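Because only heavy atoms are used, hydrogens play no part in the values below, and waters and symmetry mates are left out as well, while side chains stay in. We name chains A, B, ... by the order of the sequence lines, and we start the count at 1 in each one. Fair warning: this is a prediction, and the values are worked out from it, not measured in the lab.
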Amino acid sequence: MARKKFNVVTIAAMIAVLALGSLGLGYATWTDQLTINGSATAGKLDIVFANAAVDTDSDGSGPGTCTFGLSGDDKIITITAGNVYPGYVCKVTADVYNAGTLPAKVDSIAPYSNPSDGVWDVDGECLNPNEPIAVGQLRPCSLTVSLDSNAPDAYQGDVISSTVTFNLGINTAP
Amino acid sequence: MKRRGKTARTTTLMAVVLVLALGSLGIGYAAWTDQLTINGSASAGTMNVQWHVTTLSPMCGDSDGPGGPGQVTGVRDAVDLKLFHFTVANAYPGYEAGCTISWRNNGSLPVRATNLFVNNQVVISGASSSFDLDNDGFNDVTIVFENGVGSVTQPGAGGAAKSIQIQVLPAFPQGETLTFTAHVLFDLPLP
């Protein structure tokens with residue numbers, strides 16, 4: 001008698017388990033899903049010199065020489081005036097070009113060493129502090145080196161050099 | 001007491017984490033900069049002309065020939081190579097000598113001869129200029145500088161031979177040897 005009762009209870013329990021299991025399976029098929037895919041591309045701050053050219057070599061093919069050279073990354077331009085004599089003028093122009101994808105601005109300008117002394121004249125025109133440079137924008141620059149036409153003999157063989165460095169950052173201003 | 005110690009450690013840890021976080025943020029900003037540099041240099045050329053010949057040996061060609069009594073000799077200054085010293089010896093009125101001389105451009109710029117100077121007095125180009133070499137108030141010689149003025153010499157090149165003609169005048173003192181020093185002034189033959 002006790003054995004029969006056990007079987008009934010057992011069967012009932014199994015039926016309940018199966019019923020609840022099938023119910024759970026039903027629930028499982030009634031699910032849904034949302035997906036968010038995210039991707040990010042970093043911008044690029046890339047300011048270079050472009051379109052560099054000798055603008056003025058006052059004696060053409062004469063003894064004075066006016067040349068320039070660009071570094072491999074186009075971020076350093078070196079202008080060289082050679083065999084200069086009284087009255088000679090060398091001028092090189094170049095554009096500052098924002099080749100990146102981010103707007104830039106001039107954060108600071110490193111101390112400008114200018115050897116102008118009234119006989120040597122070094123005249124540079126380029127970026128100003130806080131000057132913005134939009135993406136794709138060109139800003140003209142130039143450097144002119146000349147020796148006064150009345151330079152005394154003491155200047156023969158004289159050598160001068162100057163450097164200016166522009167530190168640039170992202171222009172976050174709207 | 002133990003709880004207070006744990007809180008202090010947590011605060012310290014948070015501070016360290018905050019500092020590191022801000023530091024890494026700073027590094028991130030620093031990497032997002034760029035730099036442009038303009039270097040300029042200039043070097044001036046040089047004018048440096050020196051007499052190319054060291055001596056007029058044995059002497060300049062003259063009107064009485066190698067065996068004649070008069071003679072003009074010349075030697076470049078041992079220190080200043082831009083000066084040339086001439087000596088007129090055993091000369092007599094009417095004696096003439098012609099000296100051929102040349103210079104070399106050792107500078108980096110072309111040069112153009114503008115004038116010959118004798119004892120710092122200019123010799124008129126192509127014409128006779130008279131000079132009182134012993135400062136007695138009378139001219140002793142006339143000197144003509146031919147083919148020199150206006151000639152251009154390129155850097156590294158030697159100038160073509162130039163002629164200096166010397167003629168002895170009657171005031172030349174008997175029995176004396178007179179000397180003079182010559183130099184040439186150059187300028188830049190540029191437009």
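In this structure, CG in N167(A) is found 8.0 Å from OG1 in T37(B), a value given to the nearest 0.5 Å.
Contact of V48(A) with chain B is made through the backbone alone, with heavy-atom distances under 4.5 Å. For C90(A), no part lies under 4.5 angstrom from a heavy atom of chain B. Contact annotation for L36(B): both backbone and side-chain heavy atoms come within less than 4.5 Å of a heavy atom of chain A.
Summarising the geometry of D34(B) relative to L45(A), their closest heavy-atom pair is OD2-O, 3.6 Å, with the distance given to 0.1 Å. The shortest heavy-atom contact between M47(B) and Q156(A) is N-OE1, 2.5 Å. Scanning all heavy atoms of the two residues, the minimum distance from P63(A) to L109(B) falls at CB-CD2, 3.8 Å. The two residues A44(B) and L147(A) come nearest to each other via the heavy atoms CB-CD2, 4.4 Å. Nearest heavy atom pair, residue S43(B) against residue W120(A), reads C-CH2, 4.2 Å.
In terms of hydrophobic clustering, with Ile, Leu, Val, Met, Phe, Trp and Tyr side chains grouped at heavy-atom distances under 4.5 Å, L188(B) and V89(A) are assigned to different clusters. In this structure, V122(B) is not a member of the same hydrophobic cluster as V118(B), with clusters built from ILVMFWY side-chain heavy atoms closer than 4.5 Å. When the side chains of ILVMFWY residues are joined at heavy-atom separations under 4.5 Å, either directly or via intervening members, W103(B) and V152(B) end up in two distinct hydrophobic clusters. In the hydrophobic cluster analysis, where Ile, Leu, Val, Met, Phe, Trp and Tyr join through side-chain heavy atoms closer than 4.5 angstrom, V144(B) is grouped apart from L133(B). Connection of L178(B) to V168(B) is established within a shared hydrophobic cluster, with ILVMFWY side chains joined at heavy-atom distances below 4.5 Å, either directly or through further cluster members.
Annotation: Y112(A), atom OH; neighbour count of heavy atoms from other residues, nucleotides and ligands within 6.0 Å is above 12.
When each of V164(A), T78(A), T163(A) is scored by its heavy-atom pairs under 4.5 Å with chain B, the top score falls to V164(A). For chain B, the option among I76(A), V96(A), D153(A) with the highest count of heavy-atom pairs below 4.5 Å is I76(A).
Listed for the Q35(B) side chain is no donor-acceptor partner under 3.5 Å among the backbone atoms of T165(A).
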